[in-house]
Amino acid sequence: MEIKGLTFAHNKKTIFKDFSIYLPEHEITCILGNSGVGKTTLLKLLANIHQTYAGRIEGNQKQLSYLFQEPRLLPWKTVFENVEYVLLNKFSKSDRNKRIVDILDQVGLLNEKDAFPHELSGGMRQRVAIARAFVVNPDILLLDEPLQGLDIVKKQEIQQLLLNLWGKHQPTVVYVTHDIEEAIRAGHQIFIFNGQPVFVQFQCFVHTPIIKRNELSHQHYLQAVRTHLMLQMKMANENKMNDIKNMVEQQSKDRKII
Amino acid sequence: MEIKGLTFAHNKKTIFKDFSIYLPEHEITCILGNSGVGKTTLLKLLANIHQTYAGRIEGNQKQLSYLFQEPRLLPWKTVFENVEYVLLNKFSKSDRNKRIVDILDQVGLLNEKDAFPHELSGGMRQRVAIARAFVVNPDILLLDEPLQGLDIVKKQEIQQLLLNLWGKHQPTVVYVTHDIEEAIRAGHQIFIFNGQPVFVQFQCFVHTPIIKRNELSHQHYLQAVRTHLMLQMKMANENKMNDIKNMVEQQSKDRKII
Amino acid sequence: MKGSIFQNDKWLTVAAIVFIVCVWWIASSFYPPIILPSPADTLKKFYELLIAGKLVNELLITIQRVLLAFTISFLIGAILGSLVGKTKNLYLFVKPIITIIQTVPPISWIILAIIWMGLGGGAPIFVVIIATFPIFFFNASEGIKQVSEDLLEMSTIFQVKPQRVLLDVYVPSLWPFISSAITICIGISWKTIVMAELLSSNNGVGAALGLARLQLETAEVLAWTLSIVILGVTCEHIFQYVSDKTRVGKVSKSWKLKG
Amino acid sequence: MKGSIFQNDKWLTVAAIVFIVCVWWIASSFYPPIILPSPADTLKKFYELLIAGKLVNELLITIQRVLLAFTISFLIGAILGSLVGKTKNLYLFVKPIITIIQTVPPISWIILAIIWMGLGGGAPIFVVIIATFPIFFFNASEGIKQVSEDLLEMSTIFQVKPQRVLLDVYVPSLWPFISSAITICIGISWKTIVMAELLSSNNGVGAALGLARLQLETAEVLAWTLSIVILGVTCEHIFQYVSDKTRVGKVSKSWKLKG
Amino acid sequence: KQDGQHEALGNEAEKTSVKQPDEKVNEMEKVKNDKVFTFLAPKSAPVLPALLMADGGAEDISIEVKTWDTIDQLLAQIQGNEADFTAVPLNVAANLHAKGLPIQLIDVNTWGTIFLVTTDTNVTSLADLEGEEIYVSHKSGPPDILLNHFLAEEGINDKVTLYYSTPPEISQMLIAGNIKHAVIPEPALSGVRLQLKDQLVQVVDFQESWHEIYGLDLPQAGIIVNKKFAAENQEAVEQFLQSYQEAIQLMKKDPEKVADLAESTIGMKAPMVKTALNHMMVHSVIASDAKPVIEQYYEILLQSQPEAIGGKLPDEGFYFSK
Ligand SMILES: Nc1ncnc2c1ncn2[C@@H]1O[C@H](COP(=O)(O)OP(=O)(O)OP(=O)(O)O)[C@@H](O)[C@H]1O
Ligand SMILES: Nc1ncnc2c1ncn2[C@@H]1O[C@H](COP(=O)(O)OP(=O)(O)OP(=O)(O)O)[C@@H](O)[C@H]1O
Ligand SMILES: [Mg+2]
Ligand SMILES: [Mg+2]
């Protein structure tokens, strides 16, 4: 997927101005950035929700799936039905049921399948949203802080689920998160957004194959990435926008990519 | 604050059964636990939202403040007005304005003070909720995953804000989180909840004074606590409820507390 | 069957009716029967009309008309309201037209209605439609604005078929508005049909009531009124029952009516 | 001032009115003036009534009555609806009573109304209240169920004073329901007052219209109707204007009416 | 021809059962115009003879009776040309004519239906009502205009207070004792008579008072037809009038039967009809003959409430003549 010369404003607040980014197909791209920088806005643009932009967004015509920053469940439907909602007319009834039961089992909600959203805890609701996003086998998967509200162990389990899913069908994933660990564990490529309008303050490829990221031999390299990211995020928060911009320009001139 | 012999059920799902816990006044108590275990339910019980419980909840009659798991903003009010809403009738108008501007500045939302909630990003909305919870100078502060949706740097800043606030007025804080780091940085005492009905799987006091937790000399001790917590959280997710229960009983017999 | 309809609210409805009857009885003791006959007098007259077969005859005519009018009105009002409510400019254009239609008193419509539809029953049906469809329209168009954009976005992204979105997002969101409009319109329909029949028709409960009134048969007037009220309350209960049975009603109840 | 009221929707309202007038004009060409006078005839009659001062006289009487009735009805209906809507059992008890009150045709109320309130004007006021307050009641009681429990819990915990909760949580949440009820009731009030005055009063637009009708002055009937419609549409616009000016209306518009 | 009809009438009087349709068709062979005419009337005096005619009282003409309750129903049916003969109050007839509808009055058949009644035994004449409140039905209609006329004659028209409402409401309040004096027309008044019996005093019979002043009867209602229809079916109209007049005689002979018929066919209560028949003068006078009487009446209406008859006296073409 590619965005070229994108310009978009919320009311009079320009979020993107002549912004370009390349999101490689069949890879996981993680996006970090300050709160309110424009990450969700980018996902919505990719999902074609905001349609008043200028510029070109290519490659988003396929089967999309979106995990919103809020669960966005139908309050009048049970957990099962909420997941079923996005599958209707897509599979035979028995196939559908099997898939739903499967995914609910994987996110640990099989016992709650007949509960209504208001009877769930926050983390449970988030997991229903995850189940719904994962159940459709999308070509493009847009994730907005998918693991928020989950305990650490479940965070890991569900990230593993995501990676397995990616392993099977290799969808293009755009993964917005605030957690550097998450990004390092899942991203082929990591961006840090900054500024208003948005510019890419930092971009890096993580060269270790995803399945090997737990191996000890790669930890040194990953630690380096982590340190870099931490540093950049600190900078991003320091309000020295111009310094950063200059630096970024310098870097892009030098073609120096970690 | 103290809870004695609490029994509470959501519909037919018993969350607490003869549950007792002591939450020391003027201290920060952190609560960890699986998604859906009953953390939010406990906070709501402390806040007297659920009133159909059996047992005694003592010491919650004072000025309360609650940061909900969802932002719960009034959609028809601006950021400023949303914060003002909980202060009305409490201070003089100029005092009020000063306080609100102050807290909005501290959470980094002064520029957005006239925006409506639907014009904010997820993290910004969370920060409005934080500002609202902090602005009232409560005796008891109930926090449900206060830092969700914020980038790492902002997480630290706002946790610092919380600690400063605590430093000034020393309210009793009950702090629900999924992030062990957060708990270690802020808790005087940390609980891990498990089971249905809930029991305390693990309880520890963190002996390092809060202001010294960044000092190098304490890192070793804190690392030990961290490791313990990680281990316990892993166990909590392993569905070996009985083993754990036995262990906990054994521990409480031994009065062994880390 | 009746038992099951009244099951849940049975006692409260009975209590409400007993309450009304008591008030009526007490009030009737202050006035001569020609002004306000007692419930007993009215029931007696009611029974006489029933035995004579007149009651059932006229009621059947009126029921048919109300059902037809209500259905048309619901369809036009709810659908038009939902469609128009979303488009601001269209709404601003249609709204004054409907206000005008609604503000014109039936008495001004009646001649045209009779000419267009004859004395048979067309005119009352027309008047009932005119009286109720704006209610569906305004409630639907206000309701459609309250449908969560978030859920609609979600549905679009997941390529949920429009008919599912209609059924699973629009209908449940509109439900409180539609349900309130239905409750209101049930009452209004019965009341209006009587006025309309009285003004424009030779048969139906309204015409019978009008005649009774001219002949100073106050007990008969109230007997006809009673039959209309019974119909109204019964309809209300049937609606409530059906609505409770369907998913939307059930959930929106358990979901909101916690108190 | 008029300019400012019509500012936004000005052209669309004008378009709507032009549309209605065209339909009317075309229709009137098919019928003799005694059945359906043309807009021009009606306007002429309207002007005559205006010059004679009769129009203003009767209008003032009717306006007074409607204002009084509308206010009472709004207060009783909205407050009772909000209070009762939250308590399931109370609601189930009150609901059938209101359905009954609403279902009884005005014709059956009228004699009681006249006796209680005389031929002066009390009876029409009473009838308008009976006709409109159930609408406020049902919309308010349905609306009150939709008020977010989450926001109420939040308000309780932060010990926000009840009057602020009312103003800042209940009113905005109820607004779509109340606003829809007001729009509906504006139309209904004007229409009903005419019917009620015609049946029970010596003066007011309704009585004048009734007289014109008996004298087969169809143009005059329509001139009176026109005056009522103008009042109805004007009220609608004033309400819209005021509602847009107030905070709640403004925000609920910007917040929802994105399309 | 007349004899034949009397014979038929005699035969008819002996019949008790309602005729079967096919039977009717057989008898209609006599009528050269074998059309079924529609007779439209309010639920008042003029409809009663027609009921007898429809029930087989007329040999030479066959009619079907429809009723109108409101002025709108009347207008709509006139506009739709749905009735051949239509009974209307005289002021309405003049008004329709003035509004340009092509109608013609063929007869006047109802006279003197308005009364001032009271439940106050102290009141015996109009003069006793000085300073009292009178409830009047039909604001700006004949009851109102005539009452004002008589009050003016008496010289007390600004010494009484008038309230207006509809006959049912006034009747109810009168019976309930809420009010004392009222002006209502028949047959609505009979409802009150039946209920109050002797308590009700008839103070002014408008017919009598009118007669005292002008020496003429007080005409109230008549039958109108379409002008073109009248011109083309002169004979049928005359025949109708003839049969109608005969039906009136029949009605006077057997009020019981008319009352029962009225109850079974158009829902008017039998006792009320019987009582009303005692207080109304019903006899049919062809329009051209009644013209002076009618014009006297119109004159008064025109003076005080021109709109009631459309603002002008009807021209010559309004009155049907043989
Ligand atoms: N209103 C309700 N009705 C029925 N069951 C409920 C309700 N609210 C919560 N529950 C159930 O109670 C249990 C505890 O919920 P709670 O919200 O306390 O969990 P939690 O520990 O806060 O989880 P999380 O970390 O996911 O927020 C859950 O299993 C949930 O399904
Ligand atoms: N509907 C809207 N109207 C006006 N402004 C908006 C709207 N939505 C978002 N914004 C603004 O656009 C900016 C970017 O918002 P966005 O939601 O993309 O942030 P984000 O990067 O996702 O932040 P977070 O991490 O807090 O979710 C914010 O400053 C926000 O105030
Ligand atoms: Mg976001
Ligand atoms: Mg929770």
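Here the structure is a predicted model, which is why all the values come from computation and not from measurement. Numbered from 1 within each chain, the chains take letters A, B, ... in sequence-line order.
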Student: Nearest 0.5 Å, what's the NZ-CE distance between A/Lys154 and B/Met233?
Tutor: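 Nearest 0.5 Å value for the NZ-CE distance: 8.0 Å.
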Student: Please classify the contact of A/Leu120 with chain B as side chain, backbone, both or neither, using a heavy-atom distance under 4.5 Å.
Tutor: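 Nothing of A/Leu120, per the 4.5 Å heavy-atom cut-off to chain B.
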Student: Which atoms of A/Glu112 come close to chain B, meaning under 4.5 Å heavy atom to heavy atom: side chain ones, backbone ones, both, or neither?
Tutor: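 Contact with chain B is through the side chain of A/Glu112 alone.
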Student: Heavy-atom pairs under 4.5 Å with chain B: which of A/Thr177, A/Asn11, A/Asn34, A/Leu32 has the most?
Tutor: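 When all of A/Thr177, A/Asn11, A/Asn34, A/Leu32 are compared, A/Asn34 has the most.
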Student: Supply the atom-to-atom distance B/Gln196 CD to A/Asn111 CG, rounded to the nearest 0.5 angstrom.
Tutor: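 That separation rounds to 8.5 Å.
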Student: Which distance, rounded to the nearest 0.5 Å, do you find between the CD of A/Gln156 and the NZ of B/Lys234?
Tutor: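 One gets 5.5 Å once the value is rounded to the nearest 0.5 Å.
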Student: Considering all heavy atoms of both residues, which atom of A/Ser35 and which atom of B/Ser121 are nearest to each other, and what is their separation?
Tutor: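 Answer, listing the atom of A/Ser35 first, then B/Ser121: OG-OG, 3.8 Å.
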Student: For the CG atom of B/Asp151 and the NZ atom of A/Lys39, what is their distance to the nearest 0.5 Å?
Tutor: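 Between atom CG of B/Asp151 and atom NZ of A/Lys39 there are 7.0 Å.
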Student: Under a 4.5 Å cutoff for heavy-atom pairs, which residue among A/Lys155, A/Met124, A/Glu70 has the most contacts with chain B?
Tutor: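 Most heavy-atom pairs within the cutoff with chain B belong to A/Met124.
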Student: Please report the shortest heavy-atom distance between B/Met230 and A/Ile152, naming the atom on each side.
Tutor: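 So the two residues come closest at SD-CD1, 3.8 Å.
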Student: Taking atom CD of A/Gln148 and atom CG of B/Leu147, what is their separation to the nearest 0.5 Å?
Tutor: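 One gets 13.0 Å once the value is rounded to the nearest 0.5 Å.
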Student: For B/Glu119, is it the side chain, the backbone, both or neither that has a heavy atom under 4.5 Å from a heavy atom of chain A?
Tutor: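 B/Glu119 touches chain A through side-chain heavy atoms alone.
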